[in-house]
Novice: 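Sharing a structure with you now.
Note that this is a predicted model, so its numbers are computed, not measured.
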Amino acid sequence: MFKDEEKLSRTFSTKEETLKKADDAGLVEEREGEPVLEDDLKIKPCSPDPDPHSDEDLDWTPEKPAA
């Protein structure tokens with residue numbers, strides 16, 4: 001997930017997984033019945049992370065919602 005070309009999250013396998021993690025963190029809103037990322041966030045393809053990560057490595061999770 002990116003904002004202004006800055007990568008904000010670890011790399012996820014699919015766009016759907018990224019959107020689900022963002023929704024779990026409260027970063028998704030519904031517009032015209034479709035999920036949309038808040039605050040000009042974008043899902044973009046990117047290279048895999050060099051090291052495997054778990055949800056504990058995320059800056060935002062349901063337990064630590066995005067600001």
Side-chain angles (χ1 to χ4, degrees):
M1 185 161 344
F2 291 81
K3 183 171 184 174
D4 300 326
E5 302 303 318
E6 180 183 357
K7 185 176 175 186
L8 301 177
S9 71
R10 67 177 168 90
T11 303
F12 295 98
S13 300
T14 64
K15 180 179 179 179
E16 291 77 19
E17 182 183 9
T18 307
L19 193 58
K20 172 152 182 10
K21 295 293 184 182
D23 188 30
D24 291 347
L27 297 172
V28 176
E29 57 188 41
E30 291 284 324
R31 288 191 198 148
E32 298 178 16
E34 295 292 321
V36 177
L37 291 170
E38 295 181 343
D39 301 326
D40 298 322
L41 296 172
K42 306 269 188 248
I43 296 173
K44 297 181 180 184
C46 60
S47 300
D49 293 327
D51 298 312
H53 295 284
S54 69
D55 284 353
E56 288 79 34
D57 296 323
L58 293 173
D59 289 337
W60 38 262
T61 65
E63 293 77 32
K64 301 184 298 186

Novice: If you look at every heavy atom in Met1 and Ser9, which pair is closest and at what distance?
Specialist: N-OG, 3.0 Å

Novice: For Lys7, is the NZ atom crowded, meaning more than 12 foreign heavy atoms sit under 6.0 Å from it?
Specialist: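 Yes, because the 6.0 Å sphere around NZ of Lys7 holds more than 12 heavy atoms from other groups.
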
Novice: Quick check: closest heavy atoms across Lys21 and Phe12, and the distance to 0.1 Å?
Specialist: CG-CE2, 3.4 Å

Novice: Verify the cluster assignment for Leu41 and Val28: are they in a single hydrophobic cluster under the rule of side-chain heavy atoms below 4.5 Å apart?
Specialist: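 Same cluster.
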
Novice: Between atom OG1 of Thr18 and atom CG of Leu37, what is the distance when rounded to the nearest 0.5 Å?
Specialist: 9.0 Å

Novice: First locate atom CD of Glu29, then atom CG of Asp39, and finally report the distance between them rounded to the nearest 0.5 Å.
Specialist: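 One gets 8.0 Å once the value is rounded to the nearest 0.5 Å.
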
Novice: To the closest 0.5 Å, what do you measure between OG1 (Thr11) and NZ (Lys44)?
Specialist: 13.0 Å

Novice: Tell me, yes or no, whether the heavy-atom count around Glu5 atom CD, taken from other residues, nucleotides or ligands under 6.0 Å, exceeds 12.
Specialist: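 Open: at most 12 neighbouring heavy atoms sit under 6.0 Å from CD of Glu5.
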
Novice: Are Pro35 and Leu19 close enough that some pair of their side-chain heavy atoms sits under 4.5 Å apart?
Specialist: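 Side chain of Pro35 against side chain of Leu19, heavy atoms only: contact under 4.5 Å found.
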
